[in-house]
Each structure stands twice: as structure tokens, then as C-alpha cells.
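Computed over heavy atoms, backbone and side chain alike; hydrogens, waters and symmetry mates excluded. Per chain, numbering begins at 1; letters A, B, ... match sequence-line order.
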Protein chains: 2
Amino acid sequence: MARVLVIEDERDLQQVLAYNLRKEGYEVLQAVDGLEGLRTAKVHRPDMILLDLMLPDLPGTEVCKGLKADVTTRDIPVLMLTAKGEEIDRVLGFELGAEDYVVKPFSVRELLLRIQAILRRAHGAKPSNPEDALIFGRLRIDTAAHRVWVDDLEVQLTSIEFRLLVMLYERRNRVQSRASLLEDVWGLQADTETRTVDTHVKRLREKLGAAEAYIETVRGVGYRFAASPDEVHA
Amino acid sequence: MARVLVIEDERDLQQVLAYNLRKEGYEVLQAVDGLEGLRTAKVHRPDMILLDLMLPDLPGTEVCKGLKADVTTRDIPVLMLTAKGEEIDRVLGFELGAEDYVVKPFSVRELLLRIQAILRRAHGAKPSNPEDALIFGRLRIDTAAHRVWVDDLEVQLTSIEFRLLVMLYERRNRVQSRASLLEDVWGLQADTETRTVDTHVKRLREKLGAAEAYIETVRGVGYRFAASPDEVHA
DNA sequence: TCCCAACTGTCTCCATTCCGAAAGGATAAT
DNA sequence: ATTATCCTTTCGGAATGGAGACAGTTGGGA
């Protein structure tokens with residue numbers, strides 16, 4: 001799930017936000033002033049940032065400038081929390097490249113929707129090229145279109161199978177335990193004695209046919225996507 | 001670079017827009033009410049116009065009519081800025097002929113994308129009319145006229161249906177979640193527990209008849225417009 | 001002003017697909 | 001050979017999306 005950094009000095013609000021974000025399944029990073037926020041952003045690279053405009057050390061505008069000035073954080077969308085609906089704040093926020101803003105007091109629901117929208121846009125906009133599918137040996141994956149091909153023949157995967165494949169691929173050459181797959185693909189956290197993952201891996205392999213060998217079993221640990229297409233042994 | 005006329009009375013928003021447009025390399029003309037907007041449009045012939053629906057002297061709809069009534073400004077695409085809940089239906093149809101609209105508060109990023117899309121279309125179809133229509137297999141879409149044909153037979157779509165179709169088409173071969181469609185077509189931010197999108201897709205498909213197969217359902221994810229007219233599965 | 005037609009969003013119902021669990025068979029490790 | 005681990009098959013319940021119906025709105029015309 002997505003990681004959200006909350007830069008907010010009011011303790012109570014910080015708690016409320018963190019609680020609600022976690023409840024929605026986000027991973028939450030917290031910072032209570034601008035400098036800490038900048039540091040955390042640079043180190044942890046969150047998927048987006050909630051930024052209070054009024055902070056004890058730096059004004060939020062400066063934090064925003066700081067974020068935009070650094071290549072590693074430049075592209076992280078910022079959602080501004082402004083104390084009053086002053087137009088000036090809005091202007092500054094946008095000028096500085098904030099993605100959106102909400103005015104306090106805001107409803108948590110509204111805020112969550114904005115966050116969702118931003119993350120959706122960020123994800124959707126990532127592969128802007130028309131035909132940029134991942135290619136791995138005989139396997140081709142187009143995440144934007146949600147389509148998969150093996151040897152130029154399209155394979156119909158269900159959404160879970162697709163997520164499982166992408167997750168394995170993104171972390172190729174690293175063993176994924178069943179528990180971590182359950183968490184990342186299913187969004188569950190259960191210390192599991194279930195064979196659910198096995199079942200889906202099996203179905204996925206079936207559908208992948210010739211490309212099934214890319215998914216390797218690591219006995220006693222979990223599953224691993226091959227490091228390179230050639231490494232697969234017959 | 002393209003010239004954009006911004007007709008907007010709120011000073012701050014005017015500034016935000018101008019700043020961001022210039023940053024993107026556009027030349028910006030500004031007007032703070034409808035009459036000034038009409039004059040400026042006639043004199044300077046911008047490549048497109050951002051028009052607030054709520055202006056001090058004239059409603060934006062009237063400005064739009066005025067633009068369409070004058071030969072020198074008739075072909076300039078108009079992008080409407082509307083507040084939430086304002087009637088947007090009539091804005092789009094034949095009546096007013098606006099090219100697109102965004103609902104306030106909008107993210108500047110989103111707005112810039114829309115502007116890009118409009119200018120791209122406009123440039124591609126320089127000699128304004130005859131081949132202004134997009135062709136996709138048996139489907140023909142004329143965004144300027146808001147008309148659609150299937151196998152050379154015109155299909156009557158409502159404004160939402162049209163917008164939905166265009167949105168899907170412009171992002172073809174990319175799955176659109178229901179939530180993102182709700183946001184981009186309806187201008188709503190909502191947890192999608194609703195079947196509204198499904199219903200409209202269904203109605204759209206009905207009307208498209210033979211071309212309905214271009215709109216594909218991706219179970220558990222959303223909808224996707226086919227990548228190419230031939231790829232449609234039986 | 002009133003009425004009618006068109007449009008839109010929501011609801012319910014239903015067929016289909018999909019998921020997760022269970023259980024027994026197969027395979028690798030010791 | 002024995003055990004631990006993984007694969008395979010099967011099946012009922014749940015989720016998903018489409019079809020149809022309906023009421024609230026809106027705009028246009030009588």
C-alpha cells in the first residue's frame with residue numbers, strides 16, 4: 001500500500017490523521033516540523049505528503065520549495081493543509097507545485113477522498129508512454145492496461161493473479177514469503193497456515209504456460225521471480 | 001507556443017492560472033469579465049480560452065454563445081471552469097459548444113492536462129472542420145461537434161455518455177477505475193460504492209451497438225477502451 | 001403555468017466468475 | 001523410510017458486473 005508522510009505539528013490532528021490513514025491501509029510516516037519533514041521525505045520517499053502550512057520552524061511554503069528543489073523529492077505530490085481559506089495560501093500552494101489543498105477544518109472523509117484521487121492520478125500517470133509494457137523474456141506485462149502476454153499471446157488473468165504476478169515481478173530475485181504476499185497482494189495480514197497463496201501461484205503458473213518457470217519455488221520460504229529470463233533451468 | 005485567454009474575475013485564481021500557464025510555456029492573455037473577454041478574444045485570437053462560468057457581468061454561457069456567434073472566434077476551443085453543482089450539461093452540447101470543463105476546486109495538474117489535450121486535438125485538426133473527427137474502427141467521434149457515428153450512422157448520446165466515451169477513448173488501452181471515471185467524467189470525488197458508472201457504461205454500449213465491444217470490462221478493476229479496433233475479442 | 005419527455009442515479013435481481021479452503025497425492029530433504 | 005513441504009483437485013460461498021425497473025429532475029413546449 002501507499003506510504004503517506006504527514007507533516008503536522010498539532011499533536012491531536014497528527015494522531016487523527018495517522019489513525020485514519022492507517023485504518024485505510026496506508027503506511028504512515030510522521031514529522032512534527034518542516035526540517036524533520038524534509039529529512040523524512042528524502043530518506044523514505046513517501047508516495048505523497050500531507051503538509052501543514054503553519055509549522056513551528058518553517059512555513060509550509062518553504063518546505064514545499066525545499067521538496068521541489070530536491071530531485072529525489074520533486075515528484076512527490078503534496079497536499080496542503082491550510083488553516084484558513086485564504087486565497088493567498090492557495091496561490092502560494094499552487095505556485096509552489098502543491099497538488100491540491102484542503103482548508104481546515106476539513107472532514108476526514110473529504111481528505112481521504114482527495115488523497116485517494118491524488119494517488120490514483122500519480123499511479124495512472126506514471127507510465128505516460130503509450131506502449132510501455134514490461135518485457136521479461138517471453139513475458140510481457142502492461143500494468144496500465146492490465147494485460148499480460150506470453151510469446152505474444154494474450155493471457156487472461158484475474159485481478160488477483162495479475163497483482164500477484166506484478167508483485168513478484170517487481171521484487172524479482174527476492175524471495176517473497178507467503179505472509180508478505182498475502183499482505184501485499186491481498187491486503188490482509190494473517191500469520192497464515194493457509195495454502196491460498198499456493199493455490200493462486202498454481203493457477204497463475206497454469207495460465208502463464210511457457211513462462212511459468214519464471215516463478216520459482218523456494219522450499220520452506222516462499223516464491224521468487226527469476227532474476228533474468230535466461231537463468232531459468234529446464 | 002500556444003496562446004491562452006483566461007476569463008476569470010477572481011483575482012487570485014486568475015493569478016494562479018496565469019502563473020502556471022506561463023510556467024508551462026503558454027502565452028497568457030487575461031480578462032476579468034465577459035465583455036472584456038469577448039473583446040480580447042476577437043482582437044487577439046487565442047488558441048484556446050479558459051472561461052469561468054460565473055462572471056460579474058455576463059454568465060459564462062452567454063460569453064460562450066457570443067464566441068460561437070462570431071466567425072472570428074467561433075473555432076476557438078473553450079474550456080469551462082465551473083463550481084461544483086453548477087449545471088454543466090448544457091455547457092457541452094451543441095448549444096454552447098464548449099470543448100470541456102473542469103469542476104472547482106480542480107488541481108492545476110489536471111487542468112493543464114486538459115488544456116494540453118485540447119490543444120493537441122486542435123492542432124491535429126488545423127483546417128478546422130472536415131476531418132475533425134476521430135476514427136476508430138467503425139466508430140467516429142467529432143469532439144468539436146459532440147457527435148458520434150457508428151458505421152456512418154449517427155448515434156445520439158447524452159452529454160454524460162459522450163464525455164464518458166471520450167474519456168475512455170482518450171485513455172484507450174489503459175484501465176480506468178470506476179473511481180477515476182467518477183472523478184474525471186462526473187467531477188465527483190466519491191468512494192465508489194455506487195453502480196452509476198456501470199449503468200452509464202451499459203447505456204453507452206447499448207447505443208453504440210456494433211461498436212460496443214470497444215469498451216471492455218476488466219473485472220475487479222474497471223473499464224478499458226480497446227487498444228485497436230482489430231483487437232476486439234469475440 | 002402545467003405537463004411531458006428525456007436524462008440521471010439508485011435499487012434489486014440474477015448469472016457468472018472468482019476466491020479460498022480443504023484434503024489427498026506428489027516431491028524433496030534428511 | 002519418514003517427514004515436511006508443496007502441488008493438484010475439487011467445491012461451496014462470495015463477489016462482481018449486467019439487466020431491468022423506477023423515481024426524482026430538468027428542460028421544453030403547449
Side-chain angles (χ1 to χ4, degrees), chain A residues 146 148 155-165 167-168 175-179 181-183 185-209 212-213 215-224 233, chain B residues 59 61 65 82 84-96 103 146 148 155-165 167-168 175-179 181-183 185-209 212-213 215-224 233:
Chain A
H146 230 257
V148 173
V155 173
Q156 297 292 341
L157 299 185
T158 70
S159 60
I160 278 203
E161 288 159 1
F162 187 85
R163 283 211 297 277
L164 176 59
L165 174 62
M167 189 64 64
L168 287 168
V175 184
Q176 302 292 110
S177 73
R178 289 178 175 72
L181 284 173
L182 263 185
E183 185 177 341
V185 176
W186 279 260
L188 304 172
Q189 47 174 353
D191 11 39
T192 175
E193 270 318 313
T194 171
R195 305 245 67 79
T196 297
V197 177
D198 301 48
T199 302
H200 282 273
V201 167
K202 189 245 168 199
R203 285 175 183 150
L204 182 54
R205 280 174 171 162
E206 229 171 47
K207 291 192 181 178
L208 290 185
E212 73 168 3
I215 300 176
E216 303 164 342
T217 302
V218 181
R219 201 180 172 79
V221 185
Y223 295 96
R224 178 183 60 206
H233 306 74
Chain B
T61 52
K65 276 186 195 166
T82 75
K84 195 173 183 175
E86 280 177 321
E87 47 176 295
I88 46 185
D89 300 349
R90 297 194 318 141
V91 170
L92 293 174
F94 309 89
E95 194 175 350
L96 294 174
V103 177
H146 268 250
V148 173
V155 173
Q156 296 294 340
L157 298 185
T158 71
S159 58
I160 281 198
E161 287 158 2
F162 184 84
R163 207 171 149 72
L164 176 60
L165 175 62
M167 190 66 64
L168 286 167
V175 181
Q176 302 292 111
S177 72
R178 289 176 176 72
L181 286 172
L182 265 184
E183 187 187 341
V185 176
W186 278 261
L188 299 174
Q189 283 176 352
D191 274 316
T192 172
E193 277 311 322
T194 168
R195 308 288 303 280
T196 297
V197 177
D198 300 54
T199 301
H200 282 271
V201 167
K202 181 189 144 231
R203 286 172 184 154
L204 181 54
R205 280 175 171 160
E206 257 169 28
K207 291 193 181 178
L208 290 185
E212 73 168 3
I215 300 176
E216 303 166 342
T217 302
V218 182
R219 190 178 236 276
V221 184
Y223 295 95
R224 177 184 61 206
H233 311 74

*Would one find a side-chain N or O of B/Ser159 under 4.0 angstrom from OP1 or OP2 of C/dT8?*
yes
*For A/Val221 and for A/Glu206, find the nucleotide of DNA chain D with the closest heavy atom, then tell me which residue's nucleotide is more 5'.*
A/Val221
*Identify which nucleotide among D/dC7, D/dG17, C/dC19 has an atom closest to any side-chain atom of B/Thr217, counting heavy atoms from C-beta outward.*
D/dG17
*In whole angstroms, how far is the C1' atom of D/dT8 from the CD atom of A/Glu212?*
13 Å
_Between C1' of D/dG17 and CG of B/Leu204, the distance in whole Å_ = 16 Å
*Under the 3.5 angstrom rule, does the side chain of B/Arg205 hit a backbone N or O of B/Ile215 as a donor-acceptor pair?*
yes
*Any donor-acceptor pair under 3.5 Å linking the side chain of A/Arg224 with the backbone of A/Val218?*
no
*Looking only at N and O atoms, is any donor in the side chain of A/Arg195 or the base of C/dG20 less than 3.5 Å from an acceptor on the other one?*
no
*Report the distance from atom NE2 of A/His200 to atom C1' of C/dA22, rounded to the nearest whole Å.*
14 Å
_Taking every non-hydrogen atom, the tightest pair across A/Lys207 and A/Glu161_ = NZ-OE1, 2.9 Å
*Quick one: is D/dT9 close enough that its OP1 or OP2 comes under 4.0 Å of any side-chain N or O from A/Lys202?*
yes
*Between A/Arg163 (CZ) and C/dC19 (P), how many Å, whole number?*
9 Å
_B/Asp198 CG - C/dT12 P separation (whole Å)_ = 15 Å
_For C/dG9, does the base pair up with any side-chain atom of B/Arg203 as donor and acceptor (N or O, under 3.5 Å, distance only)?_
yes
*According to a strict under-4.0 Å criterion, is A/Tyr223 in side-chain N/O contact with OP1 or OP2 of D/dT5?*
no
*Check: D/dT5 base within 3.5 Å donor-acceptor of A/Arg219 side chain*: yes
_Comparing A/Lys207 and B/Lys207 on DNA chain C - which has the more 5′ nearest nucleotide_ = B/Lys207
*Counting just side-chain N and O atoms, does A/Thr199 come under 4.0 Å of either OP1 or OP2 of D/dC7?*
no
*What integer distance in Å separates B/Arg224:CZ from D/dG17:P?*
14 Å
_Heavy-atom closest contact (A/Ser159 atom, A/His146 atom, distance)_ = CA-CE1, 4.2 Å
*Distance, rounded to the nearest Å, where A/Ile215 contributes CD1 and D/dC7 contributes C1'*: 14 Å
*Go through the steps for A/Thr196 and A/Arg178 under the test side chain to side chain contact (heavy atoms under 4.5 Å, CB included), then give the verdict.*
CA-CA 9 Å; A/Thr196 297; A/Arg178 289 178 175 72; over 6 Å; no
*Once you round it to whole Å, what is the distance between C1' of C/dC18 and CG of A/Leu164?*
15 Å
_N or O in side chain of B/Trp186 less than 4.0 angstrom from C/dG9 OP1/OP2_ = yes
*Check whether any side-chain nitrogen or oxygen of B/Arg205 sits under 4.0 Å from OP1 or OP2 of D/dA19, and answer yes or no.*
no
*Please state whether the phosphate of C/dA21, meaning OP1 or OP2, lies under 4.0 angstrom from any side-chain nitrogen or oxygen of A/Thr196.*
yes
*Nearest heavy-atom pair of B/Arg163 and B/Val185: which atoms, and what distance?*
NE-O, 3.0 Å
